Peer 1: 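The structure follows.
Each residue takes its place number in the sequence, starting with 1. Basis for what follows: all heavy atoms, side chains included, without hydrogens, waters or symmetry-related copies. Note that the structure is a prediction, hence the values are computed from the model and not measured.
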Amino acid sequence: MTTSLRPATPDDAERLAALAAITFPLACPPGSDPAAVAEHIRTQLSPERFAAWAASADHALLLAEAAGPGEVLDGNPDGGSTPDGTTADHRLVGYALLVRAVPADQDIVAVVGDEPTVELSKIYVHPGSQGTGVASDLMRAALNAAPGLVPDRAVWLGTNEENARAQAFYRKHGFEVAGRRTYVVGGESHDDVVMVRPLG
């Protein structure tokens with residue numbers, strides 16, 4: 001199996017939303033209200049949202065695809081063919097979203113300031129592809145893309161304070177805890193840590 005990365009297009013929106021519906025619940029803390037999680041997926045991770053992000057100059061939406069014969073990941077089938085006409089599986093196995101914006105949340109302003117900055121808003125990998133290096137490949141690609149949105153600024157992200165695995169992954173890639181924020185999922189409030197990757 002080989003994995004390739006590329007910018008997403010609006011045509012990828014349906015597949016990206018399907019993958020988000022699989023991966024987002026897995027990142028939520030234990031005890032999260034399933035109805036709130038479902039509402040967040042419906043309103044914030046819809047195909048329409050992904051199509052808009054893919055077309056926006058203020059966003060960088062990257063995806064990872066696995067190409068090779070063999071299994072189809074549960075909930076995420078996708079077919080294609082190779083240049084020589086032979087059949088291969090082309091499966092969407094991960095995505096990352098960068099956002100260029102002036103922070104509106106004062107908890108974020110306290111950490112990164114009130115000028116345009118880049119948020120690593122989302123980075124998710126299908127559970128069947130975790131541990132394969134796809135997440136690190138996506139992270140490197142996202143960090144390489146960030147200066148194209150806002151040069152010479154640190155990149156920040158928020159992640160649930162209970163998600164120790166995610167925090168360890170982000171620390172591995174140079175992020176450090178710099179603050180906290182409240183993140184609302186379908187009307188339910190959660191406590192996040194804010195992590196920043198300094199320049200250099």
Side-chain angles (χ1 to χ4, degrees), residues 16-46 49-50 53 59-64 74-76 92-113 117-143 145-146 153-198:
L16 284 160
L19 178 58
I22 295 169
T23 57
F24 181 76
L26 301 177
C28 294
S32 297
D33 180 1
V37 173
E39 177 67 8
H40 183 88
I41 292 169
R42 184 183 71 82
T43 60
Q44 304 302 314
L45 298 171
S46 65
R49 291 268 186 172
F50 280 101
W53 291 330
H59 298 77
L61 181 57
L62 308 172
L63 58 80
D74 290 343
N76 191 32
L92 180 62
V93 295
Y95 74 95
L97 176 68
L98 296 166
V99 180
R100 173 175 59 201
V102 176
D105 186 332
Q106 290 305 303
D107 289 334
I108 305 302
V109 171
V111 175
V112 300
T117 188
V118 176
E119 174 192 5
L120 179 56
S121 174
K122 310 179 197 313
I123 181 166
Y124 291 102
V125 171
H126 191 286
S129 291
Q130 291 178 1
T132 65
V134 173
S136 289
D137 289 344
L138 272 170
M139 176 63 81
R140 284 189 288 269
L143 294 175
R153 291 298 305 272
V155 178
W156 70 274
L157 60 85
T159 190
N160 190 271
E161 67 176 8
E162 297 181 36
N163 196 336
R165 179 177 179 178
Q167 292 177 49
F169 172 75
Y170 297 137
R171 284 194 297 270
K172 174 183 173 182
H173 289 277
F175 287 85
E176 303 169 356
V177 173
R180 280 177 160 71
R181 72 166 181 184
T182 299
Y183 187 69
V184 178
V185 173
E188 185 177 63
S189 295
H190 295 270
D191 295 322
D192 276 8
V193 294
V194 177
M195 304 183 74
V196 175
R197 187 179 191 272

Peer 1: Checking the side chain of S136 only, and the main-chain atoms of G133 only, is there a donor and an acceptor separated by less than 3.5 Å?
Peer 2: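 Pair absent, no side-chain N/O of S136 close to backbone of G133.
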
Peer 1: Begin with the C-alpha distance, continue with both residues' side-chain angles, and end with the deciding distance and a verdict on side-chain contact (heavy atoms from CB on, under 4.5 Å) for T159 and Y170.
Peer 2: CA-CA 10 Å; T159 190; Y170 297 137; 3.9 Å; yes

Peer 1: Given the rule in the side-chain contact (heavy atoms from CB on, under 4.5 Å) test, do H40 and V37 qualify, once you have shown the distances and angles that lead to the verdict?
Peer 2: CA-CA 5 Å; H40 183 88; V37 173; 5.7 Å; no

Peer 1: Go through the steps for L16 and W53 under the test side-chain contact (heavy atoms from CB on, under 4.5 Å), then give the verdict.
Peer 2: CA-CA 11 Å; L16 284 160; W53 291 330; over 6 Å; no

Peer 1: Quick check: closest heavy atoms across L138 and G94, and the distance to 0.1 Å?
Peer 2: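 Smallest interatomic distance, heavy atoms only, reads CD1-C, 3.7 Å.
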
Peer 1: Taking all non-hydrogen atoms of both residues, which atom of R197 and which atom of H173 are closest, and how far apart?
Peer 2: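 R197 and H173 have their closest heavy atoms at NE-O, 2.8 Å.
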
Peer 1: Any idea which heavy atoms bring S46 and A17 closest together, and the distance?
Peer 2: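 Of all heavy-atom pairs spanning S46 and A17, the closest is C-CB, 3.9 Å.
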
Peer 1: Just wondering, do N160 and Y183 contact through their side chains at under 4.5 Å, heavy atoms?
Peer 2: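 Y183 does not reach N160 side chain to side chain.
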
Peer 1: Parallel, tilted or perpendicular: which describes the rings of Y95 and Y124, with under 30° parallel and over 60° perpendicular?
Peer 2: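 Geometry flag for Y124 against Y95: tilted rings.
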
Peer 1: Please assess M139 against L120 for the test side-chain contact (heavy atoms from CB on, under 4.5 Å), listing each intermediate value before the final yes or no.
Peer 2: CA-CA 9 Å; M139 176 63 81; L120 179 56; 3.6 Å; yes

Peer 1: Taking the side chain from R153 and the backbone from V118, do they hold a donor-acceptor pair closer than 3.5 Å?
Peer 2: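 A pair under 3.5 Å: no.
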
Peer 1: Can you tell me if H126 uses its side chain to pair, donor with acceptor, with the backbone of G128 under 3.5 Å?
Peer 2: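 Yes: the side chain of H126 pairs with the backbone of G128.
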
Peer 1: Can you check whether G187's main-chain N or O pairs, donor with acceptor, with E39's side chain at less than 3.5 Å?
Peer 2: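 Here the side-chain-to-backbone pair does not exist.
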
Peer 1: Would a 4.5 Å heavy-atom cut-off, applied to side chains only, mark V125 and T23 as touching?
Peer 2: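 V125 does not reach T23 side chain to side chain.
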
Peer 1: Looking at every non-hydrogen atom in both residues, tell me the closest pair between P29 and H190 and how far apart they are.
Peer 2: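 So the minimum-distance heavy-atom pair works out to CG-ND1, 3.5 Å.
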
Peer 1: Would you say that more than 12 heavy atoms from the other residues, nucleotides or ligands in this model lie under 6.0 Å from the CZ of R165, or not?
Peer 2: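 Check fails, neighbour count at 12 or below.
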
